[in-house]
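Since the structure comes first, as structure tokens, the remarks are kept for the end.
We're numbering straight along the sequence, starting at 1.
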Amino acid sequence: MEFSENEEGLVKDSWEVLKQDIPYYSLRFFTIIFEIAPGAKAMFSFLRDSDEIPENNPKLKAHAIKVFKMTCESATQLREKGEIVVSDTTLRHLGSVHLARGVLDPHFEVVKEALLRTVKEAIGEDKWNEDVKCAWGKAYDCLANAIKAQMKHADDTVAAPSSAV
């Protein structure tokens with residue numbers, strides 16, 4: 001998927017705004033996910049048995065920052081590299097974890113919606129437009145597709161030994 005110079009600039013400019021308060025925006029990102037899909041909490045082991053509100057959960061804070069930074073940083077490299085730049089080890093891990101948690105295509109759409117809402121909130125209505133939305137959407141779709149490919153690979157790897165019996 002080609003990522004234009006303009007799209008890269010839009011992602012980088014808004015990422016600069018987001019980086020000013022990564023802890024806030026990364027938690028906001030997950031809060032929006034849970035608003036859209038309350039059942040998503042059950043997919044996170046550190047939230048399943050907790051009555052604590054997610055914003056006060058230190059494990060969620062750490063996870064949110066890691067996920068949010070990876071998503072945003074991989075998006076800013078898309079044009080230069082022509083693909084999502086995440087190590088093979090990280091992608092394999094993401095694929096196997098997402099597969100084990102039962103992540104499906106609709107879950108990726110929830111995360112995409114949460115990401116777009118978070119970016120919109122961060123940069124404000126005056127800078128948010130269809131071009132920014134499309135740039136972030138395209139960048140996210142590339143990352144999601146890379147994770148889905150690893151999920152399929154992990155699933156095929158698990159299925160292969162049992163079919164040989």
Side-chain angles (χ1 to χ4, degrees), residues 1-38 40-41 43-47 50 52-98 101 103 107-151:
M1 181 182 297
E2 193 170 317
F3 202 61
S4 73
E5 186 174 348
N6 183 54
E7 289 168 324
E8 177 188 48
L10 293 169
V11 169
K12 283 184 175 181
D13 289 348
S14 48
W15 176 226
E16 288 303 316
V17 174
L18 292 160
K19 284 193 318 190
Q20 293 174 19
D21 197 351
I22 290 175
Y24 171 78
Y25 289 116
S26 56
L27 269 177
R28 183 70 186 124
F29 172 59
F30 271 87
T31 300
I32 294 170
I33 290 171
F34 300 143
E35 287 170 2
I36 296 169
K41 279 186 189 178
M43 299 180 105
F44 298 90
S45 59
F46 49 83
L47 293 177
S50 175
E52 193 170 30
I53 59 169
E55 292 82 5
N56 293 336
N57 186 308
K59 289 181 181 176
L60 176 63
K61 285 181 182 182
H63 181 73
I65 290 170
K66 184 168 72 172
V67 169
F68 199 65
K69 283 177 71 173
M70 182 189 66
T71 301
C72 295
E73 288 173 352
S74 65
T76 63
Q77 298 172 26
L78 191 55
R79 181 173 165 271
E80 179 183 329
K81 305 292 184 187
E83 62 185 1
I84 290 298
V85 179
V86 178
S87 76
D88 288 342
T89 306
T90 299
L91 270 178
R92 278 194 300 275
H93 174 72
L94 288 170
S96 64
V97 168
H98 283 76
R101 297 279 188 260
V103 174
H107 298 128
F108 284 98
E109 291 305 312
V110 167
V111 173
K112 181 179 180 177
E113 178 63 26
L115 175 65
L116 295 175
R117 286 189 198 178
T118 304
V119 173
K120 181 178 181 179
E121 184 179 301
I123 66 172
E125 291 283 339
D126 56 322
K127 292 183 181 174
W128 180 256
N129 59 45
E130 196 62 28
D131 290 341
V132 174
K133 179 181 178 181
C134 287
W136 274 100
K138 188 185 285 189
Y140 174 78
D141 287 345
C142 286
L143 179 59
N145 289 337
I147 294 170
K148 289 177 195 180
Q150 287 301 316
M151 289 171 67

How long is the span from the [atom1] atom in [X] to the [atom2] atom in [Y], to the nearest 0.5 Å?
X: K133; Y: E130; atom1: NZ; atom2: CD; value: 5.0 Å
X: C134; Y: D141; atom1: SG; atom2: CG; value: 10.0 Å
X: L18; Y: Y24; atom1: CG; atom2: OH; value: 11.0 Å

Heavy-atom pair with the smallest gap, counting every atom of [X] and [Y]:
X: V132; Y: N129; answer: N-OD1, 2.9 Å
X: W136; Y: W15; answer: CZ2-N, 4.2 Å
X: F108; Y: I147; answer: CZ-CG2, 3.9 Å
X: V17; Y: Y25; answer: O-CE1, 4.4 Å

Problem - Salt-bridge contact E35-R28 (side-chain N to carboxylate O under 4.0 Å) - result: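 Result for this pair is yes, salt bridge flagged.
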Problem - R117/E121 ion pair, N-O < 4.0 Å - result: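 Here R117 does not pair with E121 in a salt bridge, since their nearest N and O are not under 4.0 Å apart.
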Handout entry: Worked verdict on K120 versus K127 for side-chain contact (heavy atoms from CB on, under 4.5 Å)
Key = CA-CA 8 Å; K120 181 178 181 179; K127 292 183 181 174; over 6 Å; no
Exercise for the section: Among L116, I33, I32, I36, find the residue that satisfies the side-chain contact (heavy atoms from CB on, under 4.5 Å) test when tested with V111. Expected result: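 Exactly one pass, corresponding to I33.
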